[in-house]
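As structure tokens, the structure follows; a few thoughts come after it.
Heavy atoms only: backbone and side chains are in, while hydrogens, waters and symmetry mates are out. Lettering of chains follows the sequences in order, A, B, ..., and the numbering in each one begins at 1.
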2 protein chains.
Amino acid sequence: MAKQKQDEGQAPKLTINDIARMAGVSKKTVSRVINRSPLLNRETRDRVETIIRDTGYVPNPQARALALGRNFLIGLVYDNPNVQMILSMQKGILEALHGTEFELVIRPVDRGSNLVMEDIRSFVTRQRLFGVVILPPMSENDALARMLDEEGCRYVRMGSAVLDDPEHMVASNDREAVADAVRHLIAQGHRRIGLIAGPHGFRSAQERREGFELALKEAGISLPRSLVADGQYTFESGLSASESLLDLSPRPTAIFASNDEMAAGVLYAARLRGIAVPEELSIIGFDDTPVTTRVWPPLTTVRWPIVAMGRAAALKLIGTAIGEDAEVNEPSMFSSTLIRRGSVAPPATS
Amino acid sequence: MAKQKQDEGQAPKLTINDIARMAGVSKKTVSRVINRSPLLNRETRDRVETIIRDTGYVPNPQARALALGRNFLIGLVYDNPNVQMILSMQKGILEALHGTEFELVIRPVDRGSNLVMEDIRSFVTRQRLFGVVILPPMSENDALARMLDEEGCRYVRMGSAVLDDPEHMVASNDREAVADAVRHLIAQGHRRIGLIAGPHGFRSAQERREGFELALKEAGISLPRSLVADGQYTFESGLSASESLLDLSPRPTAIFASNDEMAAGVLYAARLRGIAVPEELSIIGFDDTPVTTRVWPPLTTVRWPIVAMGRAAALKLIGTAIGEDAEVNEPSMFSSTLIRRGSVAPPATS
DNA sequence: CCGCTTCATGACACCGGTGTCCAATGGGGC
DNA sequence: GCCCCATTGGACACCGGTGTCATGAAGCGG
């Protein structure tokens, strides 16, 4: 079989034994070179390293995985409505992994299923993953974190709240970011501001809501229950949730939607009713997804550094593995920025 | 070490030896059961299978990978401007992989770099990938296909043209789909129809352009060079490309943009100039991405079954591995549908 | 100059599966 | 009752790395 393969023209893959033979040392010594063992004579190391470089030898990852009981694979676990976020996160993680021996394995799961936990467990144990990055809202599941601890699998949770566990977390401060956005509305003169909240059970939804309430409270503005509508982070839910707000009399002069998709829904609803944005209604979204610049007017929104957060998460995971000396001091908390576009104006003076 | 780990509370992982001992057979026999060898006594097989089920034993993928010289990993290679497409493709592939022992490893590459080929080669050989799915425009690279053949790595190329190699391809017929869309415009009475083409070097761009030209030719409509503008498949390029078309006098009454992002750009440009859509200008896009329903008016577009195509691609790859009997007869060619929304109307009768 | 420690290296078993090849077993034909 | 063959199961080596421990050489103090 092996010989046949060679005949077929594949590069005859080099093994550690070949290198050892060429260098006139034992395979263990080659292994030491590869793993940067400090117990090596300088000359021997240099000689072996030269041969490795010249031959282009790369250790077989499967064999290493077997011997070490651990793979050089990072898993990305998500169950998420936000397509843009998944892709940006992938981008960030892949940036960090680029040039290392790590690969990214992706794994969508069904949060609703009662098999999620077993599903993820078998994912990390079967493949002997080096570590996993968990996206919200799965990341808010503490039982999952405990399970991963038990299994001895490293993990980083992405979140949207003040950190309680910086070592295993990368988060953005959604509450403060939303408060800033709403302060901006208030500074423009708005007093009747509606909220389209995110789904129950999402930490980000709760944080954003609290930020909203915080800003109003600071300004001494009361928040009647009628100015709050529930959404599901989807365009359609934003569209329908905004109807109850736009039916109000007096109508709110501004609406904060807990994400851009829902903000786009508000904008769409406004157009259906002939309400001019931003003249008669100001809108602010959250996420800074591309849709904000495709619609008219472009939406004012809150941008969080999602790619950078993905990169940080990956570096936190692999940091201990690659740079022994290079201290891994990735920030755990990221702050967001209000991006001012065309969907906010002072309220009509009526 | 191993004992320590056990002390830490991890499930003491079962190996094939444990199963063999419990069943009172040799590990090779267990291996035969796992691999469905036909040379086994029925009773023995049943006994071993029962034990495997009861204990929940799962073979170590790393050990199998080492012994077999092949991993149960599918790679996804892309270098693509279309975010939506990547995610939908991932979705389709993951659907097909769900419940199998395969995992999906993703790998963005830089088409521009002269290291792409080596990059991909090391990706598939190092990890000993079972196979790869290649997204356009990388998939149009024949040298890449040859290289994968050489390396003995299975592959499926995603494309947008009539097939020349159904075994290694999954494609949509973009030319005919665009021709249909343009026929729709012509049927509405449009005669001056502009085209925003995709970037040079993209097969899909060329196919779509040919479909556009085909429909005009059928109707006996000539296509002056001025009615064609070059785009890059991005919103911004669509926005700026449409300017030259909208400056024309007489202005085109309809524009086909080679993808939705650029169509959104056309819509945005129209709004900036106060051109009413669809009354004064009809627009059709391609891809049926979410943005088409977020903007106003919602965009008429061409939908291609991208998730189904991803699923088909994955099944083509793994089909031979899982169902020996279940014939793998995934279709290789998919057709698209015109989705009529609000951005097309008959031209103003002037 | 000797014995001890320290450093550098190698022999060997092992990770958990799979392929090869041979032995044992049982049944059928004569 | 004997022999041959087909069927079934096991011993063993191997995939390509890593961990453990032993060994030999060099360094050092007394």
Checklist line | Any side-chain donor near an acceptor of the partner, A:Asn35 and A:Arg64, under 3.5 Å | finding: yes

Notebook entry, point to check: For the pair made of CG in B:Asn35 and C1' in C:dG17, what is the distance, rounded to whole Å?
Noted result: 9 Å

Check: Over how many whole Å does the gap from B:Ile34 atom CD1 to C:dG19 atom C1' extend?
Finding: 15 Å

Checklist line | Plane angle bin for B:Phe130 and B:Phe72 - parallel if under 30°, tilted between 30 and 60°, otherwise perpendicular | finding: parallel

Check: Which residues satisfy the salt bridge (charged side-chain N to carboxylate O under 4.0 Å, His left out) test with B:Arg121, sequence neighbours excluded?
Finding: B:Glu118, B:Glu151

Checklist line | salt bridge (charged side-chain N to carboxylate O under 4.0 Å, His left out) contacts in which one or both residues fall within residues 19-28 of chain A, not counting sequence neighbours | finding: A:Asp18-A:Arg21

Notebook entry, point to check: B:Phe72 CZ to C:dG17 P: how many Å, rounded?
Noted result: 13 Å

Checklist line | Check: B:Lys316 side chain, B:Pro166 main-chain N or O, donor-acceptor pair, under 3.5 Å | finding: yes

Notebook entry, point to check: How many Å lie between CG on A:Asn71 and P on D:dG17, as a whole number?
Noted result: 14 Å

Next item on the list: Write out all pairs satisfying side-chain hydrogen bond (donor to acceptor under 3.5 Å, both in side chains) with one or both partners inside residues 128-144 of chain B, taking only residues at least two apart or from two chains.
Entry: B:Asp142-B:Arg157

Item checked: Check: B:Asp79 side chain, B:Asp110 main-chain N or O, donor-acceptor pair, under 3.5 Å -> no

Item checked: Under 4.0 Å protein heavy-atom contact, by nucleotide of nucleotides 9-16 of chain D - B base, S sugar-phosphate only -> BBB---BB

Next item on the list: Report yes if at least one side-chain N or O of B:Ser31 is closer than 4.0 Å to OP1 or OP2 of C:dT18; otherwise report no.
Entry: yes

Check: Bend across the helix from C:dC1-D:dG30 to C:dC30-D:dG1, to 10°, with axes taken over 5 pairs at each end?
Finding: 50°

Next item on the list: For residues 41-50 of chain A, pull every pair meeting side-chain hydrogen bond (donor to acceptor under 3.5 Å, both in side chains), keeping only residues two or more places apart or in separate chains.
Entry: none

